[in-house]
Colleague: 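Below: one structure in structure tokens.
Because the structure is a prediction, the values reported are computed rather than measured.
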2 protein chains.
Amino acid sequence: MFSKLCDTGAMSASSLRARVRSEMHQEIKEVARRHLAAEGANLSLRAVARDMGIVPSALYRYFPGRDALLTALIVDAYEGLGAAATDAEAAVPREDLRGRWFAVCRAVRSWALAHPAEYGLIYGNPVPGYVAPQETVVPAAKVVLLLAAVGRDIPGDALPAGPPVPEPVRADLRRLIDERPGDLPEERLDRVFAAWTHLFGLVSFEVFGRLDTIIVARAEYFEHHVALLADLAGLP
Amino acid sequence: MFSKLCDTGAMSASSLRARVRSEMHQEIKEVARRHLAAEGANLSLRAVARDMGIVPSALYRYFPGRDALLTALIVDAYEGLGAAATDAEAAVPREDLRGRWFAVCRAVRSWALAHPAEYGLIYGNPVPGYVAPQETVVPAAKVVLLLAAVGRDIPGDALPAGPPVPEPVRADLRRLIDERPGDLPEERLDRVFAAWTHLFGLVSFEVFGRLDTIIVARAEYFEHHVALLADLAGLP
DNA sequence: GGTCGTCAAGAACACTGTTCTCGTCGAGTT
DNA sequence: AACTCGACGAGAACAGTGTTCTTGACGACC
């Protein structure tokens with residue numbers, strides 16, 4: 001029988017089992033995260049098992065294989081980044097549009113700098129045979145949705161001048177707008193996408209060390225370019 | 001004695017040896033590139049050796065180890081990308097600034113889409129223990145230097161309005177301008193950097209599959225955003 | 001109390017990067 | 001022309017990896 005379905009009589013014992021199992025899951029991921037931060041993307045199951053004082057094959061009771069563990073870490077990373085951005089944005093008064101915009105961008109940068117290995121896992125090289133499972137697409141879209149939400153709250157249709165959006169791109173944007181309940185104009189969504197791309201370009205360059213020898217005032221550099229993007233997206 | 005120092009008498013034989021050795025180098029890298037494209041970042045020396053019909057230890061006659069082979073591939077990738085951008089830009093009349101700008105950006109995208117694994121090698125996750133050797137910094141800077149060269153050729157100091165560049169960032173930009181002979185204004189170099197960041201954000205998103213389900217008109221999307229950036233950088 | 005599922009251990013397999021030794025063969029020197 | 005020395009490739013070996021299978025043991029349920 002499935003222990004999840006057992007009734008309330010022996011529920012406490014069964015849920016204790018489930019709880020210790022869940023804690024084991026968490027501990028494995030925790031140790032794996034430490035190894036990821038120390039060693040980079042090539043995570044060793046045996047090393048994780050060694051750190052936990054168990055034998056490698058014991059890990060297979062909790063994860064079907066290395067890829068599954070990596071997937072779990074990837075999902076956690078997306079959710080961590082999404083949560084950081086969501087919390088930061090939620091702490092700003094709704095009418096302070098520029099404040100919300102900056103809060104999202106700063107949260108992404110801070111989280112990425114605090115968790116470089118996990119950031120690399122989700123925004124770096126896609127791993128070889130790995131295909132993103134369905135459960136990653138929702139958390140992965142969180143940041144751009146937050147930016148789009150700020151863009152939607154901007155009153156009016158005013159935007160800084162720029163080249164017209166070509167029709168095929170317009171069609172893509174229209175489709176995306178129709179899929180979601182939001183109703184922001186296509187031109188503004190286009191600018192939000194530009195900001196989204198630029199934001200992660202900025203963060204990736206910094207996290208991956210590409211600014212190391214050319215920009216030392218990284219925080220100011222980031223703030224300034226986020227301001228540039230906010231203007232481009234039509235924020236007041 | 002060092003065969004490189006032998007005089008012209010036996011030079012032909014010696015250079016023949018050197019030539020076959022260099023060809024071996026090239027062939028190893030070629031096979032490794034194929035494996036990289038097929039398998040992703042985890043390159044197997046033994047698989048490369050198997051494909052070449054030699055024993056794994058024989059590879060160590062040509063490369064001190066796996067990291068050295070990877071480094072060689074990275075250097076080649078930087079140089080390939082840089083050469084593609086340079087050639088494309090050189091084919092445009094000097095006075096067609098916008099044409100040169102677009103040529104660089106399109107070349108980067110084309111090269112990246114044609115060599116996704118190598119692009120991932122240089123613009124994705126930095127590999128774990130690997131530190132970029134000195135020989136990579138010059139080819140790595142090629143693209144941004146090309147963009148800066150176009151920016152320098154723009155007559156006048158006119159730029160679309162935007163937030164002021166903060167002083168610490170200004171200092172970084174001033175230092176970079178002083179190091180190189182170019183003399184473009186700091187504000188413009190700042191916009192060039194914005195375009196550089198956005199360009200690679202755009203290309204990385206596309207190559208790494210992040211646009212897969214949201215934008216189908218990728219070429220038009222790219223062109224449009226490059227135009228947006230060209231405007232922002234002050235191109236006429 | 002008996003039965004069954006879960007857990008950890010251990011051994012095993014195939015694979016990896018790397019090092020070492022050992023013949024072989026060709027070019028340079030005397 | 002004989003000798004020497006270097007480069008070359010093969011092969012074995014070592015340590016490490018992901019993964020699978022089997023074997024006991026222990027706790028929860030009928």
Colleague: For Phe222(B), what residues pass the ring-ring contact (aromatic ring centres under 6.0 Å, His included) criterion, not counting sequence neighbours?
Modeller: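 Checked Phe222(B) against ring-ring contact (aromatic ring centres under 6.0 Å, His included); zero matches.
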Colleague: Can you work out whether Gly53(B) or Pro56(A) has the more 5'-proximal nearest nucleotide on DNA chain D?
Modeller: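 Looking at DNA chain D, the more 5' nearest nucleotide goes with Gly53(B).
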Colleague: Measuring centre to centre across the rings, with the benzene-like ring taken for any Trp, is His225(B) within less than 6.0 Å of Phe193(A)?
Modeller: no
Colleague: Who passes side chain to side chain donor-acceptor pair (under 3.5 Å) against Asp87(A), sequence neighbours left out?
Modeller: none
Colleague: Under 4.0 Å, counting only non-hydrogen atoms across every strand here, what does Leu59(B) touch: a base, just sugar-phosphate, or nothing?
Modeller: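 Counting heavy atoms under 4.0 Å across all strands, no contact is made by Leu59(B).
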Colleague: Could you work out, with ring-ring contact (aromatic ring centres under 6.0 Å, His included) as the rule, every residue matching Phe205(B), not counting sequence neighbours?
Modeller: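 Phe205(B) satisfies ring-ring contact (aromatic ring centres under 6.0 Å, His included) with Trp196(A) once adjacent residues are dropped.
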Colleague: Take the protein atom CE of Met52(B) and the nucleotide atom C1' of dC8(D), then report the distance between them rounded to whole Å.
Modeller: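 Atom-to-atom, Met52(B) to dC8(D), this comes out as 13 Å.
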Colleague: How would you list, by chain and number, every residue that makes a ring-ring contact (aromatic ring centres under 6.0 Å, His included) with Phe102(A), sequence neighbours excluded?
Modeller: none
Colleague: Under 4.0 Å between any heavy atoms, over every strand shown, what does Met24(A) touch: base, sugar-phosphate, or nothing? Just pick one.
Modeller: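 Met24(A): backbone/sugar contact only, no base atoms under 4.0 Å.
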Colleague: How many Å lie between CZ on Phe63(A) and C1' on dA8(C), as a whole number?
Modeller: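 Phe63(A) atom CZ is separated from dA8(C) atom C1' by 17 Å.
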Colleague: Which pairs, protein N/O on one side and nucleotides 11-14 of chain D N/O on the other, fall under 3.5 Å?
Modeller:
{"from": "dG11(D)", "atom 1": "O6", "to": "Ser57(B)", "atom 2": "OG", "distance (Å)": "2.7"}

Colleague: Just how far, in rounded Å, is P of dG17(C) from CD1 of Ile28(B)?
Modeller: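 These atoms are roughly 13 Å apart.
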Colleague: From CD of Glu39(A) over to C1' of dT17(D), roughly how many Å is that when rounded to an integer?
Modeller: 13 Å
Colleague: Name the nucleic acid region contacted by Leu69(A), choosing base, sugar-phosphate or nothing; use a 4.0 angstrom heavy-atom cut-off, strictly under.
Modeller: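 Answer is nothing: Leu69(A) stays at 4.0 Å or more from every strand.
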Colleague: Specify the residues of residues 29-38 of chain A, ordered by number, for which at least one heavy atom lies under 4.0 angstrom from an atom of DNA chain C.
Modeller: none
Colleague: Determine, stepwise, if the pair Glu30(A) / Arg34(A) fulfils salt bridge (charged side-chain N to carboxylate O under 4.0 Å, His left out).
Modeller: CA-CA 6 Å; Glu30(A) 200 52 50; Arg34(A) 273 210 311 272; 5.6 Å; no
Colleague: List in chain and number order the residues that pass side chain to side chain donor-acceptor pair (under 3.5 Å) with Arg191(A), two or more places apart in sequence or in another chain; answer none if no residue qualifies.
Modeller: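 Per chain and number, Arg191(A) pairs via side chain to side chain donor-acceptor pair (under 3.5 Å) with no residue.
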Colleague: Can a side chain N or O of Arg50(A) be found less than 4.0 Å away from OP1 or OP2 on dT17(D)?
Modeller: yes
Colleague: For a quick test of reading the model: is some side-chain N or O of Tyr60(B) closer than 4.0 Å to OP1 or OP2 of dC20(C)?
Modeller: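 No.
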Colleague: Rounded to the nearest angstrom, tell me the gap between atom CG in Leu45(B) and atom C1' in dT18(C).
Modeller: 9 Å
Colleague: Roughly how many Å is it from CG in Asn42(A) to C1' in dG17(C), rounded to a whole number?
Modeller: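 Taking CG of Asn42(A) and C1' of dG17(C), I get 12 Å after rounding.
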Colleague: Could you list the residues that satisfy side chain to side chain donor-acceptor pair (under 3.5 Å) with Tyr221(B), not counting sequence neighbours?
Modeller: none
Colleague: Report yes or no: does Arg100(B) contribute a side-chain atom to a donor-acceptor pair with the main-chain N or O of Ala90(B) at less than 3.5 Å?
Modeller: no
Colleague: Check if the side chain of Arg61(A) and the base of dA8(C) share a donor-acceptor pair of N or O atoms closer than 3.5 Å.
Modeller: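 Flag set: donor-acceptor pair detected.
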Colleague: In whole angstrom, what separates Leu43(B)'s CG from dT18(C)'s P?
Modeller: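 Interatomic distance, CG of Leu43(B) to P of dT18(C): 11 Å.
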Colleague: Please report, rounded to the nearest Å, how far the P atom of dT20(D) is from the CG atom of Asp67(A).
Modeller: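 Checked: the CG to P distance equals 11 Å.
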Colleague: Identify whether any heavy atom of Tyr62(B) sits under 4.0 Å from a base atom; if not, whether one sits that close to sugar-phosphate; answer base, sugar-phosphate or nothing.
Modeller: sugar-phosphate
Colleague: List, one per line, each side-chain donor-acceptor pair under 3.5 Å for residues 109-118 of chain A, sequence neighbours excluded.
Modeller:
{"from": "Arg109(A)", "atom 1": "NE", "to": "Glu206(A)", "atom 2": "OE1", "distance (Å)": "2.9"}
{"from": "Arg109(A)", "atom 1": "NH2", "to": "Glu206(A)", "atom 2": "OE2", "distance (Å)": "2.9"}
{"from": "Ser110(A)", "atom 1": "OG", "to": "Arg106(A)", "atom 2": "O", "distance (Å)": "3.0"}
{"from": "His115(A)", "atom 1": "ND1", "to": "Trp111(A)", "atom 2": "O", "distance (Å)": "3.0"}

